[in-house]
Amino acid sequence: QVQLVESGGGLVQAGGSLRLSCAASGSSLSGYVLGWFRQAPGKEREFVAAIKWADRRIGYADLAKRRFTISKDDAENTVHLQIVNLNSEDTAVYYCAARLGDSVFAAMSLYDYWGRGTQVTVSS
């Protein structure tokens, strides 16, 4: 089993930046893909980005290709999501998730482990 704890969310002004973190524990991550998802008020949860732990392959949703960067810290067993130039559409709960597998574009339903999320609110 994998336990995931997100942090780094908060209230930020439009145009600002945030770095979200997801601390993973409980299992070796070598076979896992770690992903970030978000859910805005009244909307469905959507994929943002994912990284294959073993080889650092990365996948981004179209919404994330210009302003989001996913990375990992091997020493801390942590995945980060850097977001720059935040706007009101980025207001959402951001979730970290993990799945055993290879694809960094796997469907959300294939993720086995989820954190509780961290709230990001962008003020204009």
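Source: prediction; values computed, not measured.
Interatomic distance, OG1 of Thr121 versus CG of Asp90, reported as 11.0 Å (0.5 Å rounding). Between Cys22 atom SG and Asp73 atom CG the span is 12.0 Å, to the nearest 0.5 Å. Summarising the geometry, atom CZ belonging to Arg19 is positioned 6.5 Å from atom OG belonging to Ser71; distances are rounded to the nearest 0.5 Å. Rounded to the nearest 0.5 angstrom, Leu34 CG and Ile51 CD1 are separated by 8.0 Å. To the nearest 0.5 Å, atoms CG (Asn77) and CD (Gln3) are separated by 11.5 Å. Atoms CG and OH, from Leu4 and Tyr113 in turn, are 9.5 Å apart once rounded to the nearest 0.5 Å.
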Item to complete: Evaluate the criterion side-chain contact (heavy atoms from CB on, under 4.5 Å) for residue pair Val93 and Thr118; output intermediate values, then yes/no.
Response: CA-CA 5 Å; Val93 178; Thr118 185; over 6 Å; no

Discussion item. Under the criterion side-chain contact (heavy atoms from CB on, under 4.5 Å), I'd like the reasoning laid out for Leu63 against Arg38: C-alpha separation, chi angles, the key distance, then a yes or no.
Written reply: CA-CA 11 Å; Leu63 68 92; Arg38 71 182 188 182; 3.7 Å; yes

Fill in: side-chain contact (heavy atoms from CB on, under 4.5 Å) assessment of Met108 paired with Phe47
CA-CA 7 Å; Met108 183 166 56; Phe47 170 68; over 6 Å; no

Item to complete: Decide yes or no on salt bridge (charged side-chain N to carboxylate O under 4.0 Å, His left out) for Glu6 and Arg116, but give the supporting numbers first.
Response: CA-CA 7 Å; Glu6 302 94 335; Arg116 300 181 71 173; over 6 Å; no

Worksheet item: When you look at Ile70 and Tyr60, which way does the side-chain contact (heavy atoms from CB on, under 4.5 Å) test go after all the steps?
Response: CA-CA 9 Å; Ile70 190 171; Tyr60 290 103; 3.6 Å; yes

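Listed here is the closest heavy atom pair of Gly35 and Tyr111: N-CE2, 3.9 Å. Across all their heavy atoms, Ala49 and Leu81 have their closest contact at CB-CD1, 4.4 Å. Across all their heavy atoms, Trp53 and Thr78 have their closest contact at CH2-N, 3.7 Å. Taking each heavy atom of Gln39 and Glu44 in turn, the nearest pair found is CG-C, 4.0 Å. Heavy-atom minimum distance, Leu29 versus Ala24: CD1-CB, 3.7 Å. Residues Phe68 and Val48 share a closest heavy-atom pair of CD2-CG1, 3.6 Å.
Val5 and Val2 are not part of a single hydrophobic cluster, where members link through side-chain heavy atoms under 4.5 Å apart. Residue Trp36 is grouped with residue Ile83 when hydrophobic side chains (ILVMFWY) are merged at heavy-atom distances under 4.5 angstrom, including chains of intermediate members. Under the 4.5 Å side-chain contact rule for hydrophobic residues, Leu20 and Val79 share a cluster.
Counting heavy atoms from C-beta on, the side chains of Arg66 and Asn85 never come closer than 4.5 Å. For the pair Leu86/Leu18, a side-chain contact is recorded, criterion being any heavy-atom separation below 4.5 Å from C-beta on. Using a 4.5 Å heavy-atom threshold, the side chains of Val12 and Ser123 count as separate.
Counting non-hydrogen atoms of other residues, nucleotides and ligands closer than 6.0 Å to CZ of Arg57 gives a total above 12.
The backbone N or O of Val122 lies less than 3.5 Å from a partner atom in the side chain of Thr91, making a donor-acceptor pair. For the pair Arg67 (side chain) and Val84 (backbone), a donor-acceptor distance under 3.5 Å is present.
By the 6.0 Å and 45° rule, Arg45 stacks over the aromatic ring of Tyr95.
Side-chain atoms of Ser21 and His80 include a donor-acceptor pair closer than 3.5 Å.
Under the 6.0 Å cut-off for aromatic ring centres, Trp114 and Phe37 qualify, their centroids lying closer than that.
The existence of a salt bridge linking Asp55 and Lys52 is excluded, since no basic side-chain nitrogen approaches an acidic carboxylate oxygen closer than 4.0 Å.
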